[in-house]
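The structure under discussion appears below in the form of structure tokens.
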Amino acid sequence: MSRELAKRLRDVADLLEAAVEDGDCKTAEEALDELREIIEELESGA
């Protein structure tokens, strides 16, 4: 796994953690969207 991808995943995890702590569903949804984008990239072999 590339360092760039690992950093993106860590950033999303941090964002999700903060959103959960704050009860911020909108930010959690945005983080989930980013996770889905990363998954699509991995599936396509990018």
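FYI, the numbering just counts along the sequence from 1. Hydrogens, waters and symmetry mates are skipped; everything else that's a heavy atom, side chains included, is used.
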Between side-chain atoms of residues 13-25 and protein atoms elsewhere (two or more places apart, or another chain), which donor-acceptor pairs fall under 3.5 Å?
residue: Asp24; atom: OD1; partner: Lys26; partner atom: N; Å: 3.3
residue: Asp24; atom: OD1; partner: Thr27; partner atom: N; Å: 3.1
residue: Asp24; atom: OD1; partner: Thr27; partner atom: OG1; Å: 3.4
residue: Asp24; atom: OD2; partner: Thr27; partner atom: OG1; Å: 2.5

Pairwise distance [atom1]([X]) to [atom2]([Y]) - rounded to 0.5 angstrom:
{"X": "Leu9", "Y": "Ile38", "atom1": "CG", "atom2": "CD1", "value": "4.5 Å"}
{"X": "Arg8", "Y": "Leu35", "atom1": "CZ", "atom2": "CG", "value": "9.5 Å"}
{"X": "Lys7", "Y": "Arg3", "atom1": "NZ", "atom2": "CZ", "value": "13.0 Å"}

Requested in this report: Identify, with sequence neighbours excluded, every residue that meets side chain to side chain donor-acceptor pair (under 3.5 Å) alongside Arg36.
Outcome: Asp33
Query - Intermediate values then yes/no, side-chain contact (heavy atoms from CB on, under 4.5 Å), Leu5 and Leu42 - result: CA-CA 10 Å; Leu5 181 58; Leu42 289 170; 3.4 Å; yes
